[in-house]
Every structure is written in structure tokens, then in C-alpha cells.
Amino acid sequence: MNLADYRRAARAWLEENAPHDDPPGTDAISRAKEFMAKLYDAGYSGITWPARWGGQGLTQAEERAFAAEARDYTLPTYVFSIGLGMTGPTLVDRGTDAQRERFVRPLLRGEEIWCQLFSEPGAGSDVASLQTKAERDGDHWVVNGQKVWTSVAHHADWGLLLARTDVEVPKHKGLTMFVVDMHHPGVTVRPLKDMSGRSNFNEIYFDNVIIPDEHRVGEVNDGWSVAVTTLLHERLSISAGVGMGGSKDHPASVEALRRVLDTSDPLVRDQLVELHIRSRALALFNQRLSQETKAGIFPGARGSGAKLLLAELTLFQADLATQLVGPETALADHPLAQALSMAPGMALGGGTNEIMRNIVGDRVLGLPPEPRVDKNVPFKDLKVGTQA
């Protein structure tokens, strides 16, 4: 099928299958899973993922074509965004064949929901300071500790967990990555309500949670390198909006603002043009990074640059909407209220803007790194987070 026919087929499928309004009493998660199953069966989930592990094995051209058509719809795929953008790609890159065979296809088909378990109360931007412990006991591991700010964990079936397995070495060298069953009796998930009134984030407690060694991702104590893979995919997926539906319906998008503003005012038009330019520049940068990744070129710290650009764009977008529409945008019942309240979080989730600038400065621009006093110190000798 040529690209034009592929795009027409995608448009026709979306027109027939993309949901419009939630029927009364509909369970949103069940509805999202039903849609993902239809999306996968139609060949539109995992478009560029390897066919061997359940993907479609197609090219970036088909993925861009489908994304272009999907922008006109609000697809119920947010709950799958962590799996599609972060944990799934990590398993494809770093997992065993058995792990890929077990987890990738159900993820793409929406049968299982995933979360990412990195941040802790004392280890946010400095993830390597985490204290959740995994201790080996024969052919399995016993995990104890706490994670926080974990998106969609209250819906998740599986999580990608970074835990400390050695305190005798420096903090980056004593970590191991695991796949954890979120329904294990020792896992307690507590939703956290944010300033928007929603509860997409959670705190999670692990009490003697058993993880079989076959669910270890990568080598023992090499979890940081696996985490770097995940963080790269996280920052690329956040900046590209993976799994978050179309962008045209964003309440502060250029299209949405044009409908409520007087565009005969040249100053308003200038500001909307600036928003369009920033949005388009980020989209093209993401497209380039995605193409390089599929071609085997590791984007490295430039993924942090993409995430920083999105955070800056989101804050600019919210500020512009407030200026142009007026202070009533902060009222709870205003269509822009939720978008404005969520904007600051984009500068925190996936790494703060300050951390992103440090990474870009150090690893892209070649500027001197910040001084570090803990680089070669065993973790047990550090006073970090809540550790005495």
C-alpha cells in the first residue's frame, strides 16, 4: 500500500472507530482497553515496533501519516502512554527475548497497563540516590521501599522498577532494573491529588515484594544504563506527546485560541504565529530524533533538549493564553483552567528544566560539568534523601 492509500485508510478507520463522547456509566479504562485492542487489530498500534515482538514493522512514514490523521481526534490512549513511550521501548531495547515475547504484544494491544517506578521522596531529579532495596534470595529478589509521583500506577498491571542492589559501590553502580507485578500482595498504591483536582500520580509502597530473577532487565548492578535508555525514551515520548491523543483539541493550542480571540488584531496574530513557530520547531526536532533512533543513531542528551523545549513551550502556551484571554482563565470552570494548572508540572516531570539544562550544557554543548563530591563514594557512606 502506498503512503497516500495508507493515510486514506487510516482516516477512514479513525472516522469509524475513534470515540466521540463517553456513554453514561462507561468505565473509562475498559473503554480505553477496547479501543487499543481495535487499534492494534487494525494495524495502527506499534506501527514501527519490530514485527517479531508484536509490532507492525513499518516505517516512520506510516507512523507520521497515522499521527497526522489522529491529530483531529482525541484518542483514549493516555493510560497507555508510559508503556508505549517508555517501558515498552526499554524492553525492546534491553529486555530478554522471553521478556519481549511475554510483555510487548499485550502492551501494544492494551491488555496490560504499565507504569515507571523511578522517583522516590528523597530521589527525584537525582534518581541515582534512590533507596528502595532489592535483596537476592535464591532465584528471586525481595523488594522493600517507596516510590512517588508515579503516573497511572493505580491502573497499572506491571511496572519497570529501579532498585538498589549494592550499597558498597558508588550510587550509579549499585542499581538493578526489574519488571514488577503491580498486583503483588506487597504492593500498595495510593493516588495523590494534584492542583488540577486529578489523581494521575501515586505513591507506592513495597513490602517484601517477590520478583523472580527472570524479570530482571539487564545485568545485576547495571540498572543505571538501562535507566538511561528508559529516560531517553521518556524524554522523547513526553516531548512528542506519545499516547496522549491529538494536539488540536488542547484548550490552549493555536487552533483553540483562534476560535475565542479577535485575530483581526495584528498583535494577537503575531503572538499566535510565535506559538505556531515554537510548536512546529519542536515537532520537527522530535521527528528528526525519532528518525535517528529508528536508524540506530542514539540521540543521547539531545532527548533532554527536546523535553526542555516542550516544557518551555507549555509554559509559554499557558502564559500566552492567560494574557490573551484574561484572568478568568484561572477559574475552575473555565476551559483553560486545567491546562494552566498542569503547565508547571511539565517543567518537573521527566526531569526538571534545571536538570535538563545541566545535561544539555554538559553533554551537548561541552560546558564544564557541575562539581560532584559523591562520584566515587560508596552509597552506604552518603547522606542522601532520608538515609541517616
For [Y], does its backbone N or O pair with a side-chain atom of [X] as donor and acceptor, under 3.5 Å?
X    : Y    : value
S45  : L108 : yes
N144 : N208 : yes
T230 : V226 : yes
K307 : M346 : yes
T132 : Q146 : yes
R136 : G138 : yes
T96  : Q99  : yes
R164 : A128 : yes
N2   : D5   : yes
N286 : L282 : yes

Can you sort out the partners of V228 under side-chain contact (heavy atoms from CB on, under 4.5 Å), two or more places apart, ordered by chain and number? W224
Among residues at least two apart in sequence or on other chains, which ones pass side-chain contact (heavy atoms from CB on, under 4.5 Å) with E135? none
If hydrophobic clusters are built by linking Ile, Leu, Val, Met, Phe, Trp and Tyr wherever their side-chain heavy atoms come under 4.5 Å apart, do [X] and [Y] end up in the same one?
X    : Y    : value
L91  : F118 : yes
F178 : V189 : yes
L39  : I113 : yes
M182 : V79  : no
V220 : V209 : yes

Are the side chains of [X] and [Y] in touch, meaning some heavy atoms are under 4.5 Å apart?
X    : Y    : answer
D213 : W141 : yes
W149 : L192 : yes
W158 : D181 : yes
V169 : N221 : no
E15  : Y73  : yes
R105 : W53  : no
F201 : S151 : yes
R11  : D72  : yes

Report the residues that fulfil side chain to side chain donor-acceptor pair (under 3.5 Å) with E62, sequence neighbours left out, ordered by chain and then residue number. T59
Spatial distance of atom [atom1] ([X]) from atom [atom2] ([Y]) [nearest 0.5 Å]:
X    : Y    : atom1 : atom2 : value
L308 : L313 : CG    : CG    : 11.0 Å
L232 : M86  : CG    : CE    : 11.5 Å
L367 : R357 : CG    : CZ    : 13.0 Å
L75  : F35  : CG    : CZ    : 4.5 Å
T176 : L161 : OG1   : CG    : 10.0 Å
D319 : L324 : CG    : CG    : 9.0 Å

Give the C-alpha distance, both sets of side-chain angles, the deciding distance and a yes or no for side-chain hydrogen bond (donor to acceptor under 3.5 Å, both in side chains) between E354 and N358. CA-CA 6 Å; E354 292 76 16; N358 283 348; over 6 Å; no
Applying side chain to side chain contact (heavy atoms under 4.5 Å, CB included), run through Y205 and R190 and close with a yes or a no. CA-CA 8 Å; Y205 294 88; R190 297 178 181 174; 3.7 Å; yes
What closest approach, in Å, do [X] and [Y] show between heavy atoms, and which atom pair accounts for it?
X    : Y    : answer
E120 : V148 : C-CG1, 3.6 Å
L175 : T165 : C-OG1, 3.9 Å
I82  : Q116 : CG2-N, 3.7 Å
A123 : S129 : CB-C, 3.8 Å
Y6   : G43  : OH-O, 4.2 Å
L84  : W49  : O-CZ2, 3.4 Å

Kindly list each side-chain donor-acceptor pair under 3.5 angstrom involving residues 267-279, sequence neighbours excluded, with atom names and distances?
from	atom 1	to	atom 2	distance (Å)
R269	NH1	T263	O	3.0
R269	NH1	S264	O	3.0
E274	OE2	R278	NE	2.9
S279	OG	L275	O	2.9

Residue list, salt bridge (charged side-chain N to carboxylate O under 4.0 Å, His left out) with D126, at least two apart or on another chain: K171
Any Lys/Arg nitrogen of K38 or E16 sitting under 4.0 Å from an Asp/Glu carboxylate oxygen of the other? no
Using 4.0 Å as the upper bound for N to carboxylate O, is an ion pair formed by K33 and E111? no
Checking R94, K173, R216 against D222 for salt bridge (Lys or Arg N to Asp or Glu O under 4.0 Å), the one that qualifies is R94
Could you go step by step and tell me if D41 and R109 meet the side chain to side chain contact (heavy atoms under 4.5 Å, CB included) rule? CA-CA 8 Å; D41 293 343; R109 204 170 182 274; 2.8 Å; yes
Would I210 and V142 count as a side chain to side chain contact (heavy atoms under 4.5 Å, CB included) here? Give the steps. CA-CA 5 Å; I210 305 300; V142 182; 3.8 Å; yes
Give a yes or no on this: more than 12 heavy atoms of other residues, nucleotides or ligands lie within 6.0 Å of atom CZ of R280. no
Answer yes or no: does atom CD of E101 have more than 12 heavy-atom neighbours from other residues, nucleotides or ligands under 6.0 Å? no
Does anything in residues 47-57 pair up under salt bridge (charged side-chain N to carboxylate O under 4.0 Å, His left out), and if so which pairs, sequence neighbours excluded? R52-D97
May I ask you to check whether F103 and H215 place their ring centers less than 6.0 Å from one another? yes
Under the side chain to side chain contact (heavy atoms under 4.5 Å, CB included) criterion, do M177 and L162 qualify, and how do the steps go? CA-CA 5 Å; M177 190 74 78; L162 189 61; 3.9 Å; yes
Q56/Y44 under side-chain hydrogen bond (donor to acceptor under 3.5 Å, both in side chains): CA gap, chis, key distance, verdict: CA-CA 8 Å; Q56 307 302 327; Y44 298 125; over 6 Å; no
